[in-house]
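Comments concern the structure below.
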Amino acid sequence: MDLNESELTRYSRSIMLDGFGEVCQLRLRDSSVLVVGAGALGSIVAMYLAASGIGRIGVVDYDRIDISNLQRQLSFTEADAGGFKVEVTAARLHAINSSIIVEAYNEYLDADTASGILSNYDVIVEASDNQLTKYMVTDVAAGLGKTVVFGGVSQYVGHVMTLIPGHISYREVFPDPVPDSDQTPCSAFGVFGPLPGIIGSVQASEVIKVITSIGTPLVDAILTVDVRTMTFRCIDLK
């Protein structure tokens with residue numbers, strides 16, 4: 001189906017981009033993306049994907065909103081404290097774009113459940129704040145032949161990679177899993193508030209590029225950002 005008049009108006013600023021047009025907007029509408037984690041990164045990524053017109057967005061998280069999250073997780077408000085992140089996020093995405101499908105998974109994603117959920121989506125966004133979850137998600141996605149847009153933040157530094165089957169994997173870049181811990185990087189070391197906004201926006205951009213085939217995604221490369229010096233480095237991993 002072609003874009004209707006409402007869609008042509010809503011996405012007009014994207015459609016008018018050189019090389020984008022209605023074809024790319026239709027690709028977004030016909031795609032599905034799973035966001036793993038509804039915290040600092042996931043909240044930003046999911047909102048941009050909803051606004052961009054991704055047709056079906058899944059969000060998986062089991063955590064509740066804490067007042068300490070509000071320093072960087074901008075999809076939540078003080079009134080949301082105590083609620084489940086995935087439920088508040090789903091409502092937020094529907095408020096941003098009522099024409100899309102939002103699927104909320106209020107559960108802990110583990111090796112037993114990951115394959116069944118990830119297999120239902122075209123692209124996976126790894127936006128969790130748990131290192132072992134990152135290994136598990138990227139491993140399962142690789143086995144399913146799924147593309148993963150990975151992001152991480154700690155203190156003042158963040159990084160993004162796009163992992164496509166047949167190219168450099170997450171374990172090749174980070175070969176040694178950290179010991180299991182109840183503390184996340186943010187709770188253990190802190191995080192500069194605007195940093196997840198930068199990294200999450202890059203992740204959303206990578207998803208859109210992968211789906212529309214516009215530009216060059218961060219495949220076999222890692223983008224690092226240090227906000228103390230506002231230094232962006234794209235490192236070739238090949």
Side-chain angles (χ1 to χ4, degrees), residues 11 13-14 17-20 23-60 75 89 93 96-97 100 118 121-129 133-134 137-142 144-154 157-174 194-227 231-238:
Y11 305 117
R13 300 305 186 268
S14 295
L17 287 170
D18 183 36
F20 201 95
V23 171
C24 287
Q25 192 60 54
L26 284 167
R27 289 174 183 167
L28 296 179
R29 190 184 70 181
D30 294 339
S31 67
S32 60
V33 178
L34 178 70
V35 180
V36 179
L41 295 174
S43 61
I44 299 297
V45 175
M47 288 193 291
Y48 268 115
L49 295 181
S52 73
I54 298 293
R56 182 165 61 91
I57 300 174
V59 184
V60 56
S75 57
T89 298
L93 301 186
I96 291 172
N97 193 340
I100 66 173
L118 269 61
Y121 295 88
D122 300 323
V123 179
I124 313 301
V125 175
E126 211 307 307
S128 72
D129 55 4
T133 298
K134 292 180 183 298
V137 169
T138 52
D139 285 346
V140 171
L144 294 169
K146 301 288 185 179
T147 294
V148 177
V149 176
F150 158 82
V153 293
S154 182
V157 178
H159 42 269
V160 181
M161 293 188 300
T162 294
L163 307 166
I164 293 179
H167 291 263
I168 291 175
S169 69
Y170 183 77
R171 284 188 180 271
E172 289 178 278
V173 182
F174 303 101
L195 176 62
I198 297 170
I199 298 301
S201 297
V202 174
Q203 285 184 275
S205 299
E206 287 292 287
V207 172
I208 293 169
K209 286 159 58 182
V210 166
I211 292 171
T212 60
S213 298
I214 283 183
T216 304
L218 291 164
V219 178
D220 299 330
I222 184 169
L223 176 71
T224 65
V225 180
D226 188 331
V227 294
T231 303
F232 288 68
R233 295 180 62 208
C234 188
I235 302 168
D236 189 342
L237 300 174
K238 292 182 292 186

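The figures here come from the full heavy-atom set of this structure, side chains too, leaving out hydrogens, waters and symmetry mates. If you read the sequence from its start, that first residue is 1, and numbering goes on from there.
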Where the side chain of Asp122 meets the backbone of Ser31, is there a donor-acceptor pair that is under 3.5 Å apart? no
Hey, mind stepping through Val173 and Phe150 against side-chain contact (heavy atoms from CB on, under 4.5 Å) and telling me if it holds? CA-CA 12 Å; Val173 182; Phe150 158 82; over 6 Å; no
Determine the minimum heavy-atom distance between Ile208 and Thr212, stating which atoms define it. O-OG1, 2.7 Å
Salt bridge (Lys or Arg N to Asp or Glu O under 4.0 Å) partners for Asp226, two or more places apart: Arg228
Determine whether Gln203 and Ile199 make a side-chain contact, defined as any pair of heavy atoms from C-beta on separated by less than 4.5 Å. yes
Taking side chain as C-beta onward, heavy atoms only, is Ile54 less than 4.5 Å from Ile211? yes
Closest non-hydrogen contact found for Tyr121 with Arg56 is CE2-NH1, 3.3 Å
Once you round to the nearest 0.5 Å, how far does CZ of Phe20 lie from CZ of Arg27? 9.5 Å
Could you go through residues 213-222 and list every donor-acceptor pair under 3.5 Å that involves a side-chain atom there, pairing it with any protein atom two or more places apart or in another chain?
| residue | atom | partner | partner atom | Å |
| --- | --- | --- | --- | --- |
| Asp220 | OD1 | Ile168 | N | 2.9 |
| Asp220 | OD2 | His167 | ND1 | 2.8 |

Where the side chain of Gln25 meets the backbone of Ser52, is there a donor-acceptor pair that is under 3.5 Å apart? yes
Please round to the nearest 0.5 Å and tell me the distance separating atom OH of Tyr48 and atom CD1 of Ile96. 10.0 Å
By side chain to side chain contact (heavy atoms under 4.5 Å, CB included), which residues pair with Arg13, not counting sequence neighbours? Met16
Does any non-hydrogen side-chain atom of Val202 lie less than 4.5 Å from one of Phe232? no
One should read off an interatomic distance between Leu118 CG and Glu126 CD, to the nearest 0.5 angstrom, of 9.5 Å
Starting at OG1 of Thr138, measure out to CZ of Arg171 and round the result to the nearest 0.5 Å. 6.5 Å
With rounding to the nearest 0.5 angstrom, report the CG to CD1 distance, Leu223 to Ile198. 10.5 Å
Under the side chain to side chain donor-acceptor pair (under 3.5 Å) test, residues paired with Arg29 that sit two or more places apart: Glu7
For a 4.5 angstrom cut-off between non-hydrogen side-chain atoms, does Val140 reach Ile124? no
Set of salt bridge (Lys or Arg N to Asp or Glu O under 4.0 Å) partners for Lys146, sequence neighbours left out: none
Considering only distance and modelled atom types, tabulate donor-acceptor pairs under 3.5 Å from the side chains of residues 34-47, sequence neighbours left out.
| residue | atom | partner | partner atom | Å |
| --- | --- | --- | --- | --- |
| Ser43 | OG | Gly39 | O | 2.7 |
| Ser43 | OG | Ala40 | O | 3.2 |

Quick check for you: to the nearest 0.5 Å, what is the distance between Leu237 atom CG and Glu172 atom CD? 9.5 Å
What's the shortest heavy-atom distance between Ala141 and Val148, and which atoms? CB-CG2, 3.2 Å
Looking at Ile57 and Ala50, what are the two nearest heavy atoms and their distance? CD1-N, 3.5 Å
